[in-house]
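Working notes for the structure below.
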Amino acid sequence: MSLNEISFAFDNTYARELDGFYTPWQGAIAPNPKIVVFNTTLAQELGLNAEALNTPAGAAILAGSAAPDGATPLAQAYAGHQFGHFSPQLGDGRALLLGEIIDQNGNRRDLQLKGSGRTPFSRGGDGKAVLGPILREYLMGEAMHALGIPTTRALAAVTTGEQIERDGPKPGAVLARVASSHLRVGTFQFFAARGEFVRVKQLADYAIARHYPELANQDDRYLAFLSKVVKAQAALIGSWMHMGFVHGVMNTDNMTISGETIDYGPCAFVDSYDPLAVFSSIDRNGRYAFGNQPGIAQWNLARLAETLVPIVDPSDRENAIKLVTTEVGAAMEIYETMWLAGTRKKIGLASDEAGDTELIKTMFAMMERQDIDFTLFFRHLAGSQETVNAKLLALFSNPKEMENWLQQWRVRLGRDGQNPKQRSVAMNRINPLYIPRNHMVEAALQAAEDLGDMAPFTKLLTVLSDPFVQQKGLDKYTTPAPDEFGSYQTFCGT
C-alpha cells in the first residue's frame, strides 16, 4: 500500500478561515514508524479505509512523517492559565492538526497528531512523546467513551523507531487523536491577551458555526455562546464526578469549547471515595483535587467570559460584564442540578424529593469515613434493595452505619413506585463494573513500554470497552489495588 492510495476526505475550515491563528508546520521524520494499536471501529466511523491505513504507509502518516493529500498540517496557537498562572503563549508544542474529516454521521472531527516533533510553540522542548503516556491517553479516552463521557478519542498509537530521553531512554511514540475540535478557553485567551478582539470575535463566530450553529443569527449570540459552553462544561464535570474521574490538570488550555475531555496527562480514577484525591505529582496544593473540579471549571469559565466582554456589548462594557458574570455565576447551580439528577439515577431514584439531597450527602459522608470503593459501592447497591448484597457488605468496616443508611434508602425507594428488577437493570446500565483501575493501567503501560509486551494493554482495552456488563473470568479487573501498590502518583508530560 502506497501513500497515494490512502485517502482522507479533508475539509479544513480552521486552516481556511482562521489565518493567523496557527503556524503551518510539518512533523518530524520518524525513522521506523509502526502502528502498535489501531482503532478500526473509529476509522470506519470516520469513513476511512481501515485496512489501507493500518499499514506501513499509514503508519508514516499517523506518525507525522508524511502528509496525505488534502492535509494542511498546522500548530494551533493558544494561551492558558496553568495552575492559576497565566502564560500568554503556549500553543501546540508537540502536536499537529492534520485536518478535519466529516464522519459517517455528518459530524466534523479534527485529526491531530500528538508527539510528532518540535513546533514554533515547543518552548525549548523536543516536541516528542514516549509510548507509556501515549498508550495512557489512548486507553483513557476509549474508556471514557465507553462510559458515555464526552471525550477526544484515539485513532492509533504509533511507535517512531527512536529512543526518547525521559528519565532514561524510552520508545518514541505518536498518538493520532480525534476531537470535535481543539478549540480551548486558552485559544480565546491568546488573542484577548493581545487586545485583538477582532480576532476574538472571528474565533467566536467560528466556534458558533462549528459547535452551536443554532446561535448564528441571534443578536446576543456571543452571550448565548458562553451560556452553551457553561452548560456543556457543567454536564462534563458532572459526568466526571459520577464516575470518580480526576483529570489532574484542569488548566484553561485543557478546557474545550465543545465540552469534551481532552489531554489525559496525570489523570486517574479514584478507588476509595475521597474529595481530596490528588494524583498529579505537581499538584502539591490540591488545586485540581477530585472535589475541586466543579469550582475550577467555573473559574475557567470566568476566564472565557473575560475574553468575550468586548464583543458581548461593545457599547457598554459594564453591561457586558454584568451579563457574562450572570452566566458564569449560574454555572455551579447548573452543575449541581445536573449532578443531583445523575446521582439520583446512580442510586436508583426515578423521582425527585426534597430530602434526596440529605440522603445523598449522608451516603457520601459514610463512604468517605469508611474509605469505600467508589465504583463497587454503586455497582453492588443495585443488589441490596431488599437484603444486603454480600459484596456491598464486604466493603464496610462498620456495616452498622451502612445498614442504617440502607434502611433510609429502601424507605425512599418504596415511594418511587419502580419494579426492583427494572431498577437494578437501570442502575447497572449507568454504574460501571470495570473502570481503568490505576494498578491495572500502570501494569499494562509498564509491560508495553519496558518489555514490548502489548498483551496486558490489549486485554485491558477490551475489558474497558464494555464496562457495564459483567463478564466471566474478569474479577481481577474489578478489584482495588493491593496494599503493596501504595500511594498512586501520576506525572505530566509525554
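Positions are given from 1 along the sequence.
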Got more than 12 heavy atoms from elsewhere within 6.0 Å of [atom1], [X]?
X	atom1	value
Q471	CD	yes
R16	CZ	yes
R123	CZ	yes

Do [X] and [Y] touch side chain to side chain, with heavy atoms closer than 4.5 Å?
X	Y	value
W299	M250	no
P266	I282	no
L226	L304	yes
P33	E162	no
V270	F245	no
L155	L48	yes

Can you tell me how the ring of H242 sits relative to the ring of W339, calling it parallel under 30°, perpendicular over 60° and tilted otherwise?
parallel
Could you tell me how the ring of F374 sits relative to the ring of F378: parallel (under 30°), tilted (30 to 60°) or perpendicular (over 60°)?
perpendicular
Under-4.0 Å salt bridge between [X] and [Y]:
X	Y	answer
D92	K114	no
R153	E45	yes
E165	K170	no
K391	D373	no
E100	R210	yes
D126	R118	no

Can the ring centroids of [X] and [Y] be said to lie less than 6.0 angstrom from one another?
X	Y	answer
F364	Y273	yes
F83	Y288	yes
F188	F225	yes
Y434	Y477	no

State which residue, out of F290, W240, F279, fulfils the ring pair (Phe, Tyr, Trp, His ring centres under 6.0 Å) condition with H247.
W240
Nearest 0.5 Å, what's the CZ-CD1 distance between R423 and I347?
10.5 Å
Is there a donor in the side chain of H182 and an acceptor in the side chain of D110, or the other way round, less than 3.5 Å apart?
yes
Using only heavy-atom distances, determine whether the side chains of E142 and S465 contain a donor-acceptor pair under 3.5 Å.
no
For D253, what residues pass the side chain to side chain donor-acceptor pair (under 3.5 Å) criterion, not counting sequence neighbours?
none
